[in-house]
Amino acid sequence: MPFRTVTFALYHQLIFMSVVASIKQAAAEAVQALYQQPFTAADVSVNTTKPEFEGEYTIVVFPFTKFSRQKPEETAGAIGTWLAEHHPALVAGFNVVKGFLNLSVHDQFWTSFVQNAHHNTNVGQQPANGKKVMVEYSSPNTNKPLHLGHLRNNFLGFSVSEILKANGFEVVKANLVNDRGIHICKSMLAWQLFAHGDTPESTGKKGDHLVGDYYVHFESILRDQAEPIISRVLEGNFGDFEGEQVEKLIKLHAALNKPEFKANVEKAEKLRHDIKALARTASAETKEVVSRIEKGDFSDFEGEDKARAKSLHQELTPAIKSDEEKADKIHDDIKELSRNRTEIMQQAKIMLQQWEAGNPEVRALWQTMNSWVYEGFEKTYKRLGIDFDKMYFESNTYLLGKDVVEEGLRKGVFFKKADNSVWIDLTADGLDEKLVLRGDGTSVYITQDIGTARLKYDDYHMDQSIYVVADEQNYHFKVLKLIMQKLGEPSADGIAHLSYGMVELPHGRMKSREGTVVDADDLVEEMVSTAAKYTEELGKVKDFTEEELRELYETIGLGAMKFFLLKVDPKKKMVFNPEESIDIHGFTGPFIQYSHARIRSILREFSAEDLAALASYRHNDALLPMEKELIKINEQFGEVLAEAGREMSPSVIANYAFLLAQTFNSFYAKKESGKYTYSVRDAENEDKRKLRLQIASLTANTIRQAMKLLGIRVPERM
RNA sequence: GGACCGGUAGCUCAGCUGGAUAGAGCAGCUGCCUUCUAAGCAGCAGGUCAUUGGUUCGAAUCCAAUCCGGUUCACCA
């Protein structure tokens with residue numbers, strides 16, 4: 001039973017509401033009573049009081065002066081007086097600074113809060129609200145192991161699910177596995193051609209990595225085979241192609257060789273070369289210097305070189321740059337067409353067709369290799385502490401959606417073009433026309449998602465369906481929701497895209513071509529071993545068993561990594577700096593874990609009976625500043641949790657957990673004339689000892705719960 | 001070109017439903033372990049909140065324009 005059900009004669013109305021909500025409610029009443037205005041709690045603006053003033057919360061009264069017809073100071077005074085008179089249990093005193101009404105919350109409020117909440121190991125948990133929500137996240141492809149980008153997705157999805165649960169939602173964690181398609185066939189084909197029967201068992205390699213290696217192998221063969229085709233095309237030899245493609249290539253080739261265009265592109269190439277050469281003379285950080293030259297910043301140079309940089313910059317005109325870009329695009333098109341003509345790509349495509357036709361041999365290989373991957377994923381998920389309630393597989397869902405398209409066609413939501421392809425016109429909504437079914441009747445990506453959205457809804461009838469997917473798919477989900485709404489699907493309005501920014505490395509995006517992709521398993525291993533290294537250096541847990549140590553290192557290493565990825569607002573792209581991510585000082589997971597361990601060590605000084613006896617104790621003396629401050633911050637957890645749920649943002653929780661831990665550390669270390677001001681064990685009297693034990697216990701519980709919402713465990717000792 | 005997102009300290013980020021003198025962490029510099037865990041604490045230094053205009057008693061926050069960076073507008077997924 002949550003502590004909230006405990007009735008408390010004097011303060012019962014407040015126990016159901018946060019302090020801030022109570023103040024807003026009371027202030028609204030005051031405004032109604034004093035000025036006969038239909039003000040609601042939601043109209044009141046309450047801030048935490050700046051530390052230099054007396055009080056904990058501040059009401060901004062400027063908005064009331066319109067109808068109070070008094071100066072801000074007088075208005076604030078009138079409301080303060082009314083509040084102190086009518087809500088003495090809440091407002092013990094107030095002071096006015098300009099239009100700011102600073103309220104001192106009654107100490108009794110804080111002491112009864114800490115009494116009721118301190119032993120609740122489930123702080124913040126809201127009662128069920130009767131709403132069901134599905135969170136789809138992770139959604140890996142089965143041709144490659146997980147990488148850093150997946151980690152942000154996994155941690156976000158898991159954390160948001162936990163946050164919603166704590167807010168009273170029933171949550172279904174779903175994982176839609178992309179287990180079919182050309183990319184899987186690439187791995188399969190390369191395995192057939194080059195593996196000589198290797199398996200995870202025979203090689204000792206984790207299944208997902210083994211399959212990923214063959215995918216990479218495929219890509220390198222593909223590159224080798226495409227190269228000569230590309231060269232031939234560039235020479236005007238289209239013998240590798242047939243029909244329409246030849247015509248397309250003739251056009252591309254012609255465009256590339258238009259004299260003026262060609263001259264511009266060649267000029268651009270030469271200028272780039274010269275700029276790079278010049279940059280190299282200035283600094284080893286050639287890339288940075290080049291980008292400064294391009295921006296018209298010549299600060300790296302002096303005298304003649306500066307003039308040279310300037311003139312190079314000027315020669316690289318917008319027209320030349322534009323042609324350069326066009327040329328890049330044409331080259332990409334040629335490359336794509338050539339890659340598709342390679343022998344190995346043709347084989348992969350045949351394999352995909354065989355898979356779709358249900359060819360037993362291909363299906364068997366597919367089953368086998370996927371099972372290797374699942375075994376690998378299973379290990380990774382388990383280590384990460386990530387779980388799911390429902391697995392969907394694209395091999396089961398990729399044909400869905402066609403019937404919905406048929407319905408939409410009948411309803412007139414979609415229309416057919418001459419080639420039989422089916423489209424929806426979204427131009428009225430500021431978007432474009434979108435293809436939903438190819439001319440040959442086959443699905444595209446969105447067709448599948450339309451069908452899967454219906455399937456999910458049929459399975460669970462949830463109120464909301466959240467997709468944790470990177471922000472490069474913002475347009476896709478906008479379109480998906482719009483289409484579902486136009487179809488009148490009951491699931492439509494509940495569709496929400498939890499869009500998150502890409503994880504970048506200090507030197508830019510991860511690129512598989514450049515081998516800068518950070519593997520998830522490798523990263524975890526490095527975080528854990530770094531945690532071990534730090535822990536050993538400090539030597540505080542020498543009495544731990546092997547098993548206990550292993551678990552502690554996992555807790556700290558994973559805690560550092562999860563916290564690092566979750567502390568940033570999801571919608572923003574973030575930079576993953578490996579050095580900072582394994583840091584254990586400052587705004588990090590280990591800092592908070594350490595604070596928790598420290599509190600636990602205080603509590604260990606006392607017997608279970610001492611701690612149990614706290615439940616019936618309510619402090620009656622005045623509170624010292626940091627005592628009040630800590631209780632206040634603990635009390636804000638409920639509001640923070642609600643906000644994190646509203647915003648679907650674990651970073652709100654991360655910031656809060658850090659603030660709480662930091663505040664406790666200040667409380668813990670505060671020293672006056674050689675003595676700890678807030679010592680628990682050596683408190684000035686028994687009452688203070690009990691109060692501080694309650695505060696310590698409450699803080700440990702809140703920290704543990706907050707971290708749990710981030711998927712991070714906290715140790716008893718570290 | 002259209003749409004969307006971002007630009008806050010040297011770096012990484014909070015703050016953005018308008019409120020008091022814009023905050024953390026890291027990096028730099030000072031101090032603090034005979035003491036409930038120094039993975040800590042206290043302090044110093046560091047800012048034209050991209051720019052310009054507007055709304056307002058009040059703007060980092062809202063509006064408009066501009067500049068810079070990113071994503072996207074595929075019969076790929």
Side-chain angles (χ1 to χ4, degrees), chain A residues 42 45 47 49-50 52-53 58 60-63 65-66 72 97-100 102 141 178 180-183 295 336 394 398 417 419 421-423 430-440 442-446 448-449 470-476 478-479 499 501-502 504 506 509 531 534-535 537-538 540-541 556 564 567-569 571-577 579-581 583-588 590-595 597-606 651-652 654-655 658-659 661-662 665-671 674-676 678-683 692 696 717-718:
Chain A
S45 153
N47 302 334
T49 304
K50 296 268 160 192
E52 55 270 38
F53 302 111
T58 297
V60 184
V61 302
F62 291 105
T65 55
K66 256 181 265 145
V97 181
K98 292 188 283 181
F100 300 96
N102 303 320
N141 293 349
N178 187 358
R180 63 157 287 280
I182 190 72
H183 47 290
K295 282 178 196 144
E336 199 49 44
E394 281 198 20
Y398 81 108
K417 287 197 177 174
D419 66 351
S421 58
V422 183
W423 297 72
L431 306 176
D432 300 312
E433 286 185 351
K434 178 82 183 175
L435 177 92
V436 292
L437 210 56
R438 293 192 186 103
D440 61 6
T442 56
S443 296
V444 288
Y445 181 41
I446 199 139
Q448 229 183 96
D449 264 348
D471 61 7
E472 51 188 3
Q473 295 196 37
N474 284 355
Y475 183 79
H476 174 78
K478 210 174 187 176
V479 169
S499 158
M502 293 290 182
E504 293 177 5
R509 283 184 74 158
Y534 285 132
T535 307
E537 276 170 13
L538 289 168
K540 293 183 184 181
V541 286
I556 298 172
F564 191 85
K567 68 182 178 182
V568 181
D569 184 352
K571 68 172 181 285
K572 292 190 180 176
K573 67 175 187 193
M574 68 175 296
V575 175
F576 186 88
N577 184 329
E579 280 166 37
E580 281 177 27
S581 69
D583 199 0
I584 53 174
H585 307 283
F587 189 19
T588 67
F591 172 96
I592 298 168
Q593 291 172 321
Y594 174 74
S595 308
R598 208 188 216 180
I599 300 173
R600 298 301 305 172
S601 92
I602 296 174
L603 297 176
R604 273 195 300 276
E605 298 268 320
F606 299 86
S651 71
V652 172
N655 278 287
F658 178 64
L659 172 70
Q662 206 181 27
N665 284 334
S666 301
F667 170 89
Y668 175 89
K670 177 79 174 168
K671 226 175 183 180
K675 281 186 67 184
Y676 284 114
Y678 299 101
S679 177
V680 179
R681 189 188 53 203
D682 305 322
R692 288 176 197 155
R717 290 176 56 195
M718 66 186 276

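Every value quoted in this text rests on a predicted model; they were computed, and no experiment measured them. In what follows, chains are A, B, ... by sequence order, proteins preceding strands, each numbered from 1.
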What integer number of Å spans the [atom1] atoms of [N] and [M]?
| N | M | atom1 | answer |
| --- | --- | --- | --- |
| B:rG23 | B:rA9 | C1' | 11 Å |
| B:rU51 | B:rA60 | C1' | 14 Å |
| B:rG6 | B:rA50 | P | 12 Å |
| B:rG69 | B:rU8 | P | 14 Å |
| B:rG47 | B:rC63 | P | 29 Å |
| B:rC44 | B:rA27 | C1' | 15 Å |
| B:rU34 | B:rG15 | C1' | 43 Å |
| B:rU56 | B:rG18 | P | 16 Å |

Item to complete: Specify the separation, in whole Å, of atom NZ of A:Lys671 and atom P of B:rC33.
Response: 7 Å
Worksheet entry | Euclidean distance, atom CD of residue A:Glu605 to atom C1' of B:rC36 [Å, nearest integer] | 5 Å
Using a 4.0 Å heavy-atom cut-off, does [X] contact any base of the nucleic acid, only the sugar-phosphate backbone, or nothing at all?
| X | result |
| --- | --- |
| A:Val680 | base |
| A:Gln473 | base |
| A:Lys675 | nothing |
| A:Asp569 | sugar-phosphate |
| A:Met574 | sugar-phosphate |
| A:Thr535 | base |
| A:Leu437 | nothing |
| A:Lys571 | sugar-phosphate |
| A:Phe591 | sugar-phosphate |
| A:Asn665 | sugar-phosphate |
| A:Phe667 | nothing |
| A:Asn102 | base |
| A:Phe658 | sugar-phosphate |
| A:Val60 | base |

Discussion item. Judged by each residue's nearest nucleotide on RNA chain B, which is more toward the 5′ side, A:Asn655 or A:Glu52?
Written reply: A:Asn655
Discussion item. On RNA chain B, does the nearest nucleotide to A:Ala531 precede the nearest nucleotide to A:Gly430 from the 5' side, or the other way round? Give the residue.
Written reply: A:Gly430
In the structure I gave you, are the side-chain heavy atoms of [X] and [Y] within less than 4.5 Å of one another anywhere?
| X | Y | answer |
| --- | --- | --- |
| A:Phe100 | A:Thr49 | no |
| A:Gln593 | A:Met718 | yes |
| A:Ile599 | A:Tyr594 | no |
| A:Leu435 | A:Ser421 | yes |

Item to complete: Assess whether atom NZ of A:Lys675 is packed by more than 12 heavy atoms of other residues, nucleotides or ligands within 6.0 Å.
Response: no
Has [X] got a side-chain N or O lying under 4.0 Å from the OP1 or OP2 atom of [N]?
| X | N | answer |
| --- | --- | --- |
| A:Lys66 | B:rC57 | no |
| A:Lys572 | B:rG7 | yes |
| A:His585 | B:rG25 | no |
| A:Arg598 | B:rA38 | yes |
| A:Tyr668 | B:rA38 | yes |
| A:Arg509 | B:rU71 | yes |

Discussion item. Strictly distance-based, threshold 3.5 Å: is any side-chain N or O of A:Thr535 a donor or acceptor partner for the main-chain N or O of A:Ala531?
Written reply: yes
Worksheet entry | Side-chain donor/acceptor contact of A:Asp432 with base of B:rA74 under 3.5 Å | no
Worksheet item: Between the base of B:rA20 and the side chain of A:Thr58, is there a donor-acceptor distance below 3.5 Å?
Response: yes
Which pairs, protein N/O on one side and nucleotides 42-44 of chain B N/O on the other, fall under 3.5 Å?
| residue | atom | partner | partner atom | Å |
| --- | --- | --- | --- | --- |
| B:rA42 | OP1 | A:Ser666 | OG | 2.9 |

Considering all heavy atoms, the nearest [X]-[Y] contact:
| X | Y | result |
| --- | --- | --- |
| A:His183 | A:Arg180 | CE1-O, 3.3 Å |
| A:Trp423 | A:Val436 | N-CG2, 4.2 Å |
| A:Thr65 | A:Pro72 | CG2-CA, 3.7 Å |

Worksheet entry | Is_stacked (A:Tyr475, B:rA3) at 5.5 Å, 30 deg | no
Worksheet item: So, do A:Phe62 and B:rG19 meet the stacking rule of ring centres under 5.5 Å and planes under 30°?
Response: yes
Practice prompt. Please say which of A:Arg598, A:Arg681, A:Arg692, A:Arg600 ends up in a salt bridge (Lys or Arg N to Asp or Glu O under 4.0 Å) with A:Glu605.
Written response: A:Arg681
Worksheet item: Since syn is defined as within 90° of 0, does B:rC33 count as syn or as anti?
Response: syn
Fill in: Pairing string, 5' to 3', for RNA chain B - Watson-Crick or wobble contacts under 3.5 Å, brackets [ ] where pairs cross, | to another strand
((((((((.[[[[.)...(...]]]].(((((.......))))).....[[[[[..)....]]]]])))))))....
Item to complete: Compute the ring centroids of A:Phe591 and A:Phe658, then answer whether they are less than 6.0 Å apart.
Response: yes
Worksheet item: Salt bridge or not for A:Asp569 and A:Lys571, using N-O below 4.0 Å?
Response: yes
